[in-house]
**Student:** 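One structure coming up, written as structure tokens, with questions to follow.
Numbered from 1 within each chain, the chains take letters A, B, ... in sequence-line order.
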Number of protein chains: 2
Amino acid sequence: MSVPRIRRSRSAEHVADTRRALLRAARELFAERGYAATGTEDIVAAAAVTRGALYHHFKDKADLFRAVMAECAQEMAERLVAQETARAETNPGDAWQLLRSGFQSFLDACNDAQFQRIVLIEGPAVLGHSAWDALVEEHGYVLLAEALTDAIREGNVDDLPVGPLTRMLAALISEASLYIARADDHVRARQEAGLVLERLLIGLGRVPGVSPALVTGQS
Amino acid sequence: MSVPRIRRSRSAEHVADTRRALLRAARELFAERGYAATGTEDIVAAAAVTRGALYHHFKDKADLFRAVMAECAQEMAERLVAQETARAETNPGDAWQLLRSGFQSFLDACNDAQFQRIVLIEGPAVLGHSAWDALVEEHGYVLLAEALTDAIREGNVDDLPVGPLTRMLAALISEASLYIARADDHVRARQEAGLVLERLLIGLGRVPGVSPALVTGQS
DNA sequence: TCCACTAACATACAGTCTGTATGGAACAGG
DNA sequence: CCTGTTCCATACAGACTGTATGTTAGTGGA
């Protein structure tokens, strides 16, 4: 009953096509229905191949997801870098000013349903913490940490520990983007979240009168 | 519709036992292995019942998870409320001071592996966004939002939109607690995260020289 | 050109897991 | 005594994942 599939010359280009089709289909479906609710059969059907191709190119379903998430994170990082280098050229300010505006543009860039669902929602649960963190570390945190280090070196941001600062700021922006995405009034939510973010960042600047040893960790 | 007094002195207790056993076993296993990696058979085995009992008490596996997560969130909220009311009595300060110290103690309370895994990691992916948000809204956000509203009314916190502020602060603390939990040096991580948090909160206070309309939303 | 040999799939199958349907025991009420 | 309901156990059907196996196009060597 099954119509035999005719396979023509299988060039390296065709192989790459298969892989890309799988990635594209998986990305779409994972973002729309979530990881658990997306069967491998659904993916290969959308990609017009069979499960054999999937398991040839990827170790398992989670491996496919990892590749999809890496692609999402990669694209987001590239988008941001391009945006920020352009801004730095046209309007050269100090690193701190650049970082603050960068946060705001990240807030806009983050407003991408696929990125949110795959990287922020499904990612931590599907890949465990370590694998997720490794991916984000590679694609996202490095940029933020670099910018923060620059700003600290320039003296406009107080010498706070970059590690936790990076994670916490990233979480802040992530949550803000999710808040904006699910709000009824996107424009208003964007404005409010941007305002809150800007206010929170104020505290990072040099504040001469404040001793950095206020908090010791024991309540 | 009339509910006559039901007295099943012994059996009613037994029924509650079954339910509690399921909740306890599920909580343990979900926190340890994650939702997807925990089979219903594992849960009922740990609870010393059969799958029939599980599906009698809960609609499906996700429903059981929801109950577990609600329990976790409930306990966390109770713990915090108790802690804060005690603090408020012994050391009555203004709402803002109370809130700041409350954040720090939340940072400590959040350092609970079950809470982190179930509520913060698995929750958003297992229950969708809306169900998760509804639960957190009910158990966690209300407290934070109330405290923020008080602090704003007292004038020590600027009149910022409470909705996004609540979510973003909660995300901040959640990420900080995760950072602390996975750090090699917990004590140091706790100290650093607490410091960063304290600094970020500074920006929320009244800052006379800053116009709140700096950020308009369009980059 | 012939012959391995391998990459790139397709297909069939086995194991696992979830949800449901069925059955039964205990108990309350009429 | 009969009946209905609650509470749970068991059996079963469907779905899904990963793997084993088959098949074909390309490739390098002799």
**Student:** Side chain of Ala53(A) only, heavy atoms from C-beta on: which candidate in dC8(D), dT20(C), dC9(C) is closest?
**Tutor:** dC9(C)
**Student:** What is the separation between atom CZ on Phe65(A) and atom P on dT17(D), rounded to the nearest whole Å?
**Tutor:** 14 Å
**Student:** How long is the line joining CG of Leu22(B) and C1' of dC8(D), in whole Å?
**Tutor:** 11 Å
**Student:** In whole angstroms, how far is the C1' atom of dA13(D) from the CZ atom of Arg51(B)?
**Tutor:** 12 Å
**Student:** Nearest to the side chain of Thr50(B), heavy atoms from C-beta on, is which of dG18(D), dT10(D), dA10(C)?
**Tutor:** dT10(D)
**Student:** Starting from C1' on dC9(C), measure out to CZ on Phe58(A) and report it in whole angstrom.
**Tutor:** 14 Å
**Student:** Starting at the 5' end of DNA chain D and moving along, which residue's nearest nucleotide shows up first, Arg19(B) or Asp60(A)?
**Tutor:** Arg19(B)
**Student:** Counting side-chain heavy atoms from CB outward, which of dA11(D), dC7(D), dC9(C) is closest to Val15(A)?
**Tutor:** dC9(C)
**Student:** Verify the contact: side-chain N or O of His56(A) to OP1 or OP2 of dC9(C), cut-off strictly under 4.0 Å; return yes or no.
**Tutor:** no
**Student:** Would you call the rings of Tyr35(A) and Phe30(A) parallel, tilted or perpendicular if under 30° counts as parallel and over 60° as perpendicular?
**Tutor:** tilted
**Student:** Distance check needed: dT20(C) C1' versus Asp63(B) CG, whole Å only.
**Tutor:** 16 Å
**Student:** Leu54(B) has an atom CG; how far is it from atom P of dT18(C), in whole Å?
**Tutor:** 9 Å
**Student:** Would you say dC8(D) has OP1 or OP2 under 4.0 Å from some side-chain N or O of His14(B)?
**Tutor:** yes
**Student:** Taking the minimum atom-to-atom distance to the side chain of Tyr55(B), which one of dT18(C), dC8(D), dA12(C) wins?
**Tutor:** dT18(C)
**Student:** Quick check: on DNA chain D, is the nucleotide nearest Thr40(A) upstream (toward 5') of the one nearest Gly52(A), or the reverse? Name the residue that is more 5'.
**Tutor:** Thr40(A)
**Student:** Please confirm whether the shortest side-chain N or O distance from His57(B) to OP1 or OP2 of dC7(D) is below 4.0 Å.
**Tutor:** no
**Student:** When rounded to the nearest 0.5 angstrom, what is the spacing between CD in Glu175(B) and CE in Met168(A)?
**Tutor:** 8.5 Å
**Student:** Should Thr18(B) be listed as having a side-chain N or O under 4.0 Å from OP1 or OP2 of dC7(D)?
**Tutor:** no
**Student:** Under 3.5 Å, is there a donor-acceptor pair linking the side chains of Thr38(A) and Arg33(A)?
**Tutor:** no
**Student:** Got a salt bridge between Arg167(B) and Glu137(B), using NZ or NE/NH1/NH2 to carboxylate O under 4.0 Å?
**Tutor:** yes
**Student:** How long is the line joining NZ of Lys59(B) and P of dC7(D), in whole Å?
**Tutor:** 19 Å
**Student:** Tell me the interatomic distance from Arg20(B), atom CZ, to dC8(D), atom C1', rounded to whole angstroms.
**Tutor:** 17 Å
**Student:** Is a side-chain donor or acceptor of His57(B) paired with a backbone partner of Ala53(B) at a separation under 3.5 angstrom?
**Tutor:** no
